[in-house]
Amino acid sequence: MNQFKNLAAYEVVEEKEIKEINASGCVLRHKKSGARLFLVSCDDENKVFSIGFRTPPSDSTGVAHILEHSVLCGSDKFPVKDPFVELVKGSLNTFLNAMTYPDKTVYPVASCNEKDFQNLMNVYLDAVLHPNIYREPKIFMQEGWHYELESPESALIYNGVVYNEMKGAFSSPEEVLDRYTRKTLFPDNCYGQESGGDPAFIPDLTYEDFLAFHKRYYHPSNSYIYLYGDMNMEEKLVWLDKEYLSQYDEISIDSSIPRQKPFLNPVEGETFYSITEGESEENATYLSISTAVGTDLDPRLYIAFQILEYTLLDAPGAPLKQALIDAGIGQDILGGYDSGILQPYFTIIAKNANKEQRGEFLAVVKGTLRKLADEGINRKSLKAGMNYYEFRYREADYGSAPKGLMYGLQCMDSWLYDGDPMMHLEYQDTFDYLKKVVDDGYFEQLIREYLLDNPFEAILTVSPKKNLTAMEDEKEAKKLAAYKASLSEEELRELAEQTRALKEYQEAPSPQEMLEMIPMLTREDISREAEEIIWEEKSAHGVKVIHHEMPTSGIGYLKVLFDTSAVPVEDLPYVGFLKSLLGYVNTENFTYGDLTSEIHLNSGGVSFSVSSYPDLKNNGEFKGFFMASARVLYEKLDFGFSILGEILTRSILDDEKRVGEVISETRSRARMKLEGSCHSAAVARATSYYSATSSFNDLTGGIGYYEFLENLEKEYPTRKKEIIARLKAVMEKIFTSKNMLVSYTADEEGYKLLPEALKKLTDLLPEGEGTRYPFAFSPGNRNEGFSTASQVNYVARCGTFAGSGQEYTGALKILKVILSYDYLWINLRVKGGAYGCMSGFGRSGEGYFTSYRDPNVRETNQIYDGVVDYLESFQATDRDMTKYVIGTISDMDVPYPPSTRGNRGLSAYLSGVDREMMEKEREEVLNATQEDIRNLASLVNAVLNTGSLCVIGNEEKIEADKDLFGETKNLFHS
């Protein structure tokens, strides 16, 4: 427990141990300002700080979102124009961002370095409490929206970072449905508004209303301050009081969120989403039903409905999902439990359905739920769901995101609504309770109470409309043209001058004395020790085993890899499809529903993927693998191998109906994945023009794979037997003991169990022939422009410096920071209005530049062309170079969980990265000078001269810039 001795400025509200996360929690209130604080003390070196505010919007102008961007553009103590970027470039942060939610805005930072952590806290607190927005209206114009007029004769347009970001967010049909659902379910409170901003309403926001929102909500009396990790909490509290909180008196702020009054009868509605001219309107409607479920302040409902989501919708063979598929309603069933707001809701969605099926959709949903309530839910499935979620809660593996950050966001699910911030962190009592009542009809009663006998419900249809984006663009253009026509010549000159002044402001660097106000570390504060690569090659039963020995809290992370060169190139897309098919069809001993239950009753889950690893010792070569993964407790390792053996050797592919269902669902999910990461898809596609590794990735998981899935779904009715026979043949070739490699992350105790457990798999696998098929592809720039119904673009320019005489150097990691947060940031984001910009250069010689939610195409490509000139004249002070170095090390020193560290060790082993290479790279980063950056100009020139361009985005924009492409076509056809 915390033993605070000198905290007269605070009162302790509650203090207790949180055994589930091995920490002590303390809730406090700052007496003078009324600020709320929650401290989580534990031995995690990855410290987290966050300040959040309850910010319920009253309209859809996006004021909360625009403010989130804008307060990070300078403050009283740190008046530099973009302290956020300065911190990204020059701190050892492990997380640095800000997020707008439907009812709150949070500003979290994390770092393992105490001095750096203190700096981050200071900059963020001053940013939110004392921002520059009151002194500089151009911040609002840049981050929110503004009229842009290059000259009195030019066309008038809207521009702004958030404006363009939300144009991208509104392009996805799933996003359209999600927003429409909240608008319909919550017509009378803040959840009915779009906190991120609706592009149709963002230009209604005035600078005065923007400032008024900050004045109203950004005060300590409306704040939620969170500290997590291994630190001197008393020292931090004294500093908070002295530097910030003591300057404020408590005031009354009404930021409360009124509950939506429940409906007496369900509400119905329809809206539309845009498709291109070439896409089909047939089987393209979304049918949904959403029902409000209590509040987030009920800890049992909070977990119970996550389990119901798994049981009813997510698990293969889930009864609600299967009933809709069997009825031929939709080709993919989505939905689940949406929490994180005061009034969560449960949604069921039939994607790719017919509008005429609406009545049948409702009948099947309600009929299936009634049957489950009356006859009972499968107990094995419910218990599997419980075990699955309990495993996830205990493991707390969030990849690169600090777990302290995720705990902080989770605590807001109760704290924001005046509940106990520890409520959802203390999960064990809830799981224990649910295990006791699972056989007593508890879950069936939840279905009756919330999903059947509850009129607080929205029944919605989202239908496709061809060229809706073009119509909206035309409507916007006419509106702007009419507004321009209403202006006098003098007003037009003023608007052009305003545009020029904004660009001038954006181009002007902050004075050096302001930049030096941002606190930063020195190179001496950084360890020269390179990341430890953990792997040891062993052998068991004739199988090569790569052991990554480290503490894992008793969880073994198992990967079984099968070399894809066992199949010809033309069969690789089928290998890609197997990762979605296996585990979703019956096996000799389990139905696919029971198989999933068996997996989650005995493990943390099984998954399948396809990965590639470039061979760094042989330029242009790579290794491709089909990967079967399992997370198991050490004592369940034999189960892990035996269940993988069941799936890999005993899956039954002869159920033509089931295989067809999985094809449709896989194509649907692949489209959603593409829509959610178009910038990555464009990079992968452009890189595939010249890289064998990326060509392989394209065939097994990229745009090429999606095209394969579209054709597979279209041709399946007439080629069922042929397709199934081909899948069987691929499995026979690839799943053999000769073709196998095992990767296992565990401590020595966990490894002792592996040799015997491995026999559970090797005894089932055939030895195999060992035939190999070399990967062959034809390089050449196709330079494709893929049209979608999006309002924005994703522009990727890629290339290689392999074979140019240029060698990889750690300075390229610094270049990524410099370009992504200086040259590209200023030109693409600040001036161009794109929401994001990225770049990167790998050991294999591949490099890329890409934009995210970008209003431009040609202009962005021209910015990429300017990188070489920028580098040739690159100048930086010693302080700037140190800042770039620190920011680079921040990316290199992320504290990963054991599962990810094991993956990184496997990648190093397969690619040929050794300790010496890692140490050399780190030294090159730590010792880099501005001359080293200038020397990269010829390397970048080689990347750009490769000339590989791929753009995904707005149909009209791609057509207007058609001369850039070798081919333009629709990304989606169905």
Side-chain angles (χ1 to χ4, degrees), residues 612-616 619-622 677-698 702 779-784 794-825 827-828 834 836-852 854 860-872 874 884 887-888 891-892 907 911 913 917 921 924-925 928 932-952 964:
S612 63
Y613 301 87
D615 184 344
L616 298 176
N619 183 41
E621 297 185 16
F622 70 95
S677 57
C678 286
H679 61 303
S680 300
V683 167
R685 183 68 166 196
T687 309
S688 76
Y689 301 157
Y690 57 84
S691 161
T693 311
S694 291
S695 180
F696 170 89
N697 295 340
D698 184 62
N781 284 338
R782 282 170 286 172
N783 290 8
E784 297 153 300
Y794 305 83
V795 184
R797 179 79 173 271
C798 305
T800 180
F801 58 87
S804 69
Q806 308 291 323
E807 291 187 2
Y808 177 83
T809 165
L812 285 166
K813 284 190 168 291
I814 301 175
L815 179 61
K816 175 182 177 179
V817 174
I818 293 171
L819 292 179
S820 297
Y821 293 103
D822 267 349
Y823 177 79
L824 295 180
W825 181 275
N827 287 288
L828 297 185
C837 51
M838 289 136 269
S839 63
F841 306 88
R843 289 183 186 273
S844 61
E846 295 173 9
Y848 72 89
F849 307 92
T850 188
S851 64
Y852 183 79
D854 186 347
T860 295
N861 192 46
Q862 289 169 345
I863 296 297
Y864 298 152
D865 282 329
V867 173
V868 174
D869 286 345
Y870 167 77
L871 290 177
E872 286 176 341
F874 179 79
Y884 296 135
T888 303
D891 284 342
M892 297 168 69
S907 179
S911 295
V913 174
M917 292 165 70
E921 177 187 69
E924 287 168 343
V925 170
D932 293 319
I933 303 303
R934 282 196 292 273
N935 288 341
L936 297 175
S938 55
L939 182 149
V940 171
N941 194 46
V943 169
L944 289 168
N945 282 342
T946 307
S948 299
L949 174 72
C950 179
V951 177
I952 300 173
L964 293 174

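- Not one N or O on the side chain of Asp854 forms a donor-acceptor pair closer than 3.5 Å with the backbone of Ala834.
- Side-chain contact between Phe849 and Ile863: absent, with no pair of heavy atoms (C-beta onward) separated by less than 4.5 Å.
- By the 4.5 Å heavy-atom criterion applied to side chains, Phe874 and Asp822 are not counted as neighbours.
- Inter-residue side-chain proximity for Leu815 and Leu939 is flagged as unmet; no heavy-atom pair is nearer than 4.5 Å.
- Counting heavy atoms from C-beta on, the side chains of Arg797 and Thr860 never come closer than 4.5 Å.
- Put simply, the side chain of Thr800 gets close to the backbone of Gly845: a donor and an acceptor are under 3.5 Å apart.
- Taking the six-membered ring for Trp and thresholds of 30 and 60 degrees, Phe696 and Phe622 have ring planes inclined between 30 and 60 degrees apart.
- At least one donor-acceptor pair closer than 3.5 Å links the side chain of Ser851 to the backbone N or O of Val795.
- Using modelled atom types, one finds a donor on one side chain and an acceptor on the other under 3.5 Å when comparing Glu846 with Ser691.
- With hydrogens and angles ignored, the 3.5 Å screen pairs no side-chain donor or acceptor of Asp698 with any backbone N or O of Ser688.
- Using the six-membered ring where Trp is involved, Tyr821 and Trp825 have ring planes that are tilted, between 30° and 60° apart.
- Around atom CD of Glu872, more than 12 heavy atoms belonging to other residues, nucleotides or ligands sit under 6.0 Å away.
- Looking only at side-chain heavy atoms (C-beta outward), Tyr870 and Val940 stay at 4.5 Å or farther from each other.
- Side chain of Tyr794 to main chain of Thr850: no donor-acceptor pair is present (N/O by atom type, distance under 3.5 Å, no hydrogens or angles).
- Residues Pro614 and Arg843 fail the side-chain proximity criterion, which asks for heavy atoms closer than 4.5 Å.
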